[in-house]
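Below is one structure; the comments refer to it alone.
Order of the sequence lines fixes the chain letters, A, B, ..., with proteins taken first and strands second; residue numbering starts at 1 for each chain.
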2 protein chains.
Amino acid sequence: MPQTMTSADLRIRNQVRLLRAVHDAAAPFTRAEAARLLGIGRNTAAALVGELEQARLLHEVPAAAGGRGRPTTLLVPHPEGPQVFAVDFREDTWTLAAELETGEHDRTPAVFTEIRAAVARHETPRLAMLGFATSGPIRDGHRLHISHLGWDEVELDSVLGAGWPPAVIDNDARLAGLAESRRGALRGMGTAMHFHIDFDIGGTLLLAGDAQRGGHNIAGEFGHMPLTGSTLECMCGVRGCWSLDVGANALVRRFGKQPGYGTGRELAQAILRRAEDGEPEAVAALDDNAAALGKGIGALANALDPEAVSLSGLGVDLIRLRRGRIEEACREQLMAFRRDEPPQIMPGTVGAAGPLTGAAEIAWDAVLDPVWVKDRL
Amino acid sequence: MPQTMTSADLRIRNQVRLLRAVHDAAAPFTRAEAARLLGIGRNTAAALVGELEQARLLHEVPAAAGGRGRPTTLLVPHPEGPQVFAVDFREDTWTLAAELETGEHDRTPAVFTEIRAAVARHETPRLAMLGFATSGPIRDGHRLHISHLGWDEVELDSVLGAGWPPAVIDNDARLAGLAESRRGALRGMGTAMHFHIDFDIGGTLLLAGDAQRGGHNIAGEFGHMPLTGSTLECMCGVRGCWSLDVGANALVRRFGKQPGYGTGRELAQAILRRAEDGEPEAVAALDDNAAALGKGIGALANALDPEAVSLSGLGVDLIRLRRGRIEEACREQLMAFRRDEPPQIMPGTVGAAGPLTGAAEIAWDAVLDPVWVKDRL
DNA sequence: GGATTATGTTCGAGCCGGGCACAAAAATTT
DNA sequence: AAATTTTTGTGCCCGGCTCGAACATAATCC
């Protein structure tokens, strides 16, 4: 337990708290407000801010006179301060954020050199950290596994190694949940869950604003629990997975289409539109999908007791079209004694930008950190 | 975020770290070792220990001369220092620890006055905190719910209120897991799970040595997820719960007995003995129980990715008699890509003392805390 | 008995945050 | 227009903390 603390560490700690507050704030606040917020004196705040200004981490700009009192300054990120880039790496495309560049790719790990070049095109000395979102699990933090692409165990060091800026990386569904937890629908919750519904269901358990990673960094495959009684065989190698009844694959399977990763998304969207138009078969498919979703959420709520559950991807459509059915199925699956306080089920507010936002979030986590800041000043 | 820190708090913090180290250590260590362990100087350690000695929290005893060098002292809890009592409150009995007293009870909340009297019999001025383990969930931290006793929502303030020493309280299955996580089979793991198998299955997710409580403090009902495809109706009000296939109720049901909380435990044990003797029907029941257990663990491992899973109660017998069957069923339920690293499944090492040990643990958590220690000195 | 080794002890230095008094700059009141 | 009120910035001193270095102490080893 080498979490030693000397008085110098104390200052860094308070400076990080200050930086984090500025970074997380919806609107800029003044130095005096910051002092009150952190519970420190105005004089101490002045000293902290002074050092951070000198390290080009924080900047003071004159504040518009609000009421009485001596005019003060607003605290904003320094214009020459550190930046992070976020990369959302999907099955077929990648995006460098914030909306800097997007490209398709050839589905081989060689795409990383492409991304590296794109990063270089926009890179400035201010780039401090790169956040990656990948569409597959990253085992033990360094072995990337994307079955849709046939990537079995791509060593991150070999594709993200020398020649790259410092980088952090995590799974997209987990990062989408983190984004909701930090900046979206799940903000401020102690226990919550997020599910991203695409071809199947990926998700994450969020505790006090942190996404849980598990012992081998591959937690989150909630879609591969047998929660709905299906007897089909799943691509993951097991029978009966929840994902067999929820998501794009489940929708298209009802119409005789083989689940897959080609045009499945468009097909699923088309089915939803036909259901909106009242086509009976599509309506039934939608209803079943919503019910299976709600049932699974209820089952998980029994075990993990989340305050709320947010959804992204197809889940947003399911809530929009069949909120009642989802909630009803959830309620039926809840133990009787907890039915009077069911978990809130809601669409994520970060939306499709979830993985990108989450990737930026973990990149900032790495920057707004005592050791990084200490190094900088 | 008023986690303000002044230099005075710094000292308290280091003192708490020191106390915690002494409390958690398997064998006493010397003052110089403590300094190295905490990463502080020998002089600082002397100052910290001095104050703690004066506050009667730590005591120094001469150490047996080990090798060269000036002889030193061992750090041990102060003989007049704080103590905690732990209470394990079960459906029909209660125990005041460490094995101080045990009694039966009449299944009404009036039993708390009985326990209060027992506490008073052993109480000394050193008693600092009482830790309670209950056999039911404690909603929102203050409403106790034990369905077997017909206790719907017993307000803790009304039974544990004035006239009691300071007390902390939690659910028994959760505390058993905490005990394994802090002092037993799960020690040192970042992500682990514990299941207590009795009539049904209760459990907890353990992250970095802490049991997760959920949004309403009622997390842990893993036994009430539909993981095994059962179609029976469960007492909890839902169909298909995992607990319908695992545990004492599941065992006795196969023999035409209604599940219940009377002689169920003895009956289940008898079935296990008959299975050991080779009686075919009992063997089948045991096999099915073990398989259902393994299947559920595998399903949960897909989602939560624990490094290990420990079991208590009937689970210990199941591992002893049918480890292979459990592991095989678990493996079949694991997603193919994670079958080469299945979670370790093992019996808890704290054993039947789990709830009691866990209750002591949360009591110590409340004592070995900056605010408590600051108050004392 | 002297050298070696590990630990305890003392003292000064550097740093941190708190508290106080006072200065500065606005809005409000007179 | 001047005085008052309100809020914030600044400078100074204080108590507290940990650290590092030098020295003292008590055992073992040769």
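- Close to C:dG18, at under 4.0 Å from its OP1 or OP2, lies a side-chain N or O of A:Thr44.
- Note: B:His59 and B:His78 have perpendicular aromatic rings, judged against thresholds of 30 and 60 degrees for the angle between ring planes.
- Distance, A:Leu75 CG to D:dG9 C1': 13 Å, rounded to whole Å.
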(request) Between protein and nucleotides 24-30 of chain D, map the contacts as a letter string: B base, S sugar-phosphate only, - none, heavy atoms under 4.0 Å, written 5' to 3'. (result) BBBBBS-
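- Whole-Å rounding puts the A:Phe29 CZ to D:dT8 P distance at 14 Å.
- The pair A:Glu80-A:Arg126 does not meet the salt-bridge criterion, since no charged nitrogen lies less than 4.0 angstrom from a carboxylate oxygen.
- If you take CZ of A:Arg13 and P of C:dC16, they are 15 Å apart, rounded to a whole angstrom.
- Within residues 369-377 of chain B, no residue has any heavy atom under 4.0 Å from DNA chain D.
- Contact check, A:Arg11 against C:dG14: no side-chain N or O comes under 4.0 Å of OP1 or OP2.
- Using a 30° and 60° split on the angle between ring planes, B:His122 and B:Phe85 fall in the perpendicular class, above 60°.
- A close approach under 4.0 Å does not occur between any side-chain nitrogen or oxygen of B:Arg42 and OP1 or OP2 of D:dG20.
- For a distance-only test at 3.5 Å, the side chain of A:Asn14 fails to qualify as a donor-acceptor partner of the base of C:dG17.
- A donor atom on one side chain and an acceptor atom on the other are found under 3.5 Å apart for B:Asp305 and A:His216.
- Residue B:Arg183 qualifies as enclosed at atom CZ: its count of foreign heavy atoms under 6.0 Å is above 12.
- OP1 or OP2 of C:dG8 lies within a sub-4.0 Å distance of a side-chain N or O belonging to B:Thr72.
- For the pair B:Leu48 CG and D:dG16 P, the computed distance is 15 Å after rounding to whole Å.
- By the 6.0 Å contact criterion, CD on A:Glu53 is enclosed, its count of non-hydrogen atoms from other residues, nucleotides or ligands being greater than 12.
- Under the 3.5 Å distance criterion, with hydrogens and angles disregarded, a donor-acceptor pair is assigned to the side chains of A:Arg174 and A:Asn217.
- No hydrogens or angles considered: nothing links the side chains of B:His194 and B:Thr204 as a donor-acceptor pair under 3.5 Å.
- Separating the CZ atom of B:Arg17 from the P atom of D:dC17 is a distance of 16 Å, rounded to the nearest angstrom.
- Judged purely by atom type and a 3.5 angstrom limit, B:Arg182 uses its side chain to pair as donor or acceptor with the backbone of B:Gly209.
- Checking C:dT9, C:dT7, C:dG17 against the side-chain heavy atoms of B:Arg36 singles out C:dT7 as nearest.
- Summary of the strand contacts: A:Thr30 and B:Leu10 both lie near DNA chain D, and taking for each the nucleotide with the nearest heavy atom, the more 5' one is attributed to A:Thr30.
- A:Asn43 contributes a side-chain N or O that forms a donor-acceptor pair with the base of C:dG19 under 3.5 Å.
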